[in-house]
**Student:** 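The structure follows.
Letters go in sequence order (proteins before strands), and every chain restarts at 1.
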2 protein chains.
Amino acid sequence: MVNPIGALNKIFDSRIRLGVMSILVVNDAVSFNELKQMLELTDGNLASHLNTLEQAEYIKVQKAFIGRKTNTTYLITELGKQAFKAHLDALEKMIKGI
Amino acid sequence: MVNPIGALNKIFDSRIRLGVMSILVVNDAVSFNELKQMLELTDGNLASHLNTLEQAEYIKVQKAFIGRKTNTTYLITELGKQAFKAHLDALEKMIKGI
DNA sequence: TCCATAACTTTGAAGCACAAAGTGCTTTAA
DNA sequence: TTAAAGCACTTTGTGCTTCAAAGTTATGGA
């Protein structure tokens, strides 16, 4: 038998990063504050997890202006979508014992 | 919106514990060595994760004899089954954005 | 008698998660 | 026109988790 946990993505071991991806996979552009509120996190904690996801190129940042005010939103990348899907597939296989 | 990651079980944040549960949920009694081989872990690492699961009463140990030799197998408990299922449900809800 | 195997426990290092506090910029209220 | 408050961070420090490696105890086989 092949080790079932080997196919899991380490980046998604973290519940918070998993939560961020779950949100971004269905929502096109979500702001820092929306994520913060949805996931009930402190700024620092959220920022560091977003940073990890950005380093992995699973998400990207978009800085825009709403009137004069800057607004930062986060989007999932194509690579991020693939990695997330692959992780979920691996999870499913593991659970179902395939 | 309710925080989607709040319903996840911290015990199952670990890929190894998730792997153990996935195996035990479909296999009735699995030995220490079988788990060790399937998951490709060192003795100590496996033992400590099994210990965490046992503390939570999600698994239990069965010491039996094969001839004169002792044989240790692990089984999932009813509580373990419930907790595992609840975790998977929470995961699914989170991912599907329910 | 010696070695191997099973099933651990202990130890220690490395990495991670998290809160809290600090930063720089901007906007709004007094 | 300060002052306060919000946004989006970065930095810092503590405590927890993970893991490998080594040590332990017991048994079985050569």
**Student:** Return each pair, listed once, that meets ring pair (Phe, Tyr, Trp, His ring centres under 6.0 Å) where at least one residue sits in residues 17-49 of chain A; pairs must be two or more places apart or across chains.
**Tutor:** none

**Student:** Provide, to the nearest angstrom, the distance between the OH atom belonging to Y74(A) and the C1' atom belonging to dC7(D).
**Tutor:** 10 Å

**Student:** Roughly, in whole Å, what's the span from CG in N33(A) to P in dA5(D)?
**Tutor:** 16 Å

**Student:** Listed by chain and number, what are the ring-ring contact (aromatic ring centres under 6.0 Å, His included) partners of H87(B), not counting sequence neighbours?
**Tutor:** F12(B)

**Student:** Which residue in the set I23(A), D28(A), L24(A), N27(A) passes side chain to side chain contact (heavy atoms under 4.5 Å, CB included) when paired with I76(A)?
**Tutor:** L24(A)

**Student:** In degrees rounded to 10°, what angle is found between the helical axes fit to the five outermost pairs at each end of the helix from dT1(C)-dA30(D) to dA30(C)-dT1(D)?
**Tutor:** 0°

**Student:** Can you measure Q55(A) atom CD to dT10(D) atom P for me and round it to whole angstrom units?
**Tutor:** 10 Å

**Student:** Grab the CD1-P distance between I11(B) and dC16(D) for me, whole Å please.
**Tutor:** 16 Å

**Student:** What integer distance in Å separates L35(B):CG from dC8(C):P?
**Tutor:** 11 Å

**Student:** Among all residues two or more places apart in sequence or in another chain, which pass the salt bridge (Lys or Arg N to Asp or Glu O under 4.0 Å) test with K10(A)?
**Tutor:** none

**Student:** Can you check the E34(A) CD to dA8(D) C1' distance for me, whole Å?
**Tutor:** 14 Å

**Student:** Mind jotting down which residue pairs meet the side-chain hydrogen bond (donor to acceptor under 3.5 Å, both in side chains) criterion with at least one end in residues 76-85 of chain A? Sequence neighbours excluded, please.
**Tutor:** K85(A)-D89(A)

**Student:** Tell me whether the side-chain N/O atoms of K63(A) come closer than 4.0 Å to OP1 or OP2 in dC25(C).
**Tutor:** no

**Student:** Taking the side chain as everything from C-beta on, heavy atoms only, tell me whether I95(A) gets closer than 4.5 Å to P4(A).
**Tutor:** no

**Student:** With sequence neighbours left out, what residues match V26(A) under side-chain contact (heavy atoms from CB on, under 4.5 Å)?
**Tutor:** none

**Student:** Please name all residues satisfying side-chain contact (heavy atoms from CB on, under 4.5 Å) with E34(B), sequence neighbours left out, ordered by chain then number.
**Tutor:** V30(B), S31(B), M38(B)

**Student:** Which whole-number value in Å describes the distance from K36(A) NZ to dC18(C) P?
**Tutor:** 16 Å

**Student:** Go through the structure and list residues passing side-chain contact (heavy atoms from CB on, under 4.5 Å) with Q62(A), not counting sequence neighbours.
**Tutor:** A29(A), T73(A), L75(A)

**Student:** Atom pairs, N/O to N/O, protein against nucleotides 17-23 of chain D, distance under 3.5 Å?
**Tutor:**
from    : atom 1 : to     : atom 2 : distance (Å)
dT18(D) : OP1    : R17(B) : NH2    : 3.4
dT18(D) : OP2    : R17(B) : NH1    : 3.1
dC19(D) : OP2    : H49(B) : NE2    : 3.2
dC19(D) : O5'    : N45(B) : ND2    : 3.4
dA20(D) : OP2    : T42(B) : OG1    : 3.1
dA20(D) : OP2    : N45(B) : ND2    : 3.3

**Student:** Could you tell me the separation between the CZ atom of F32(B) and the P atom of dT27(D), rounded to a whole number of Å?
**Tutor:** 18 Å

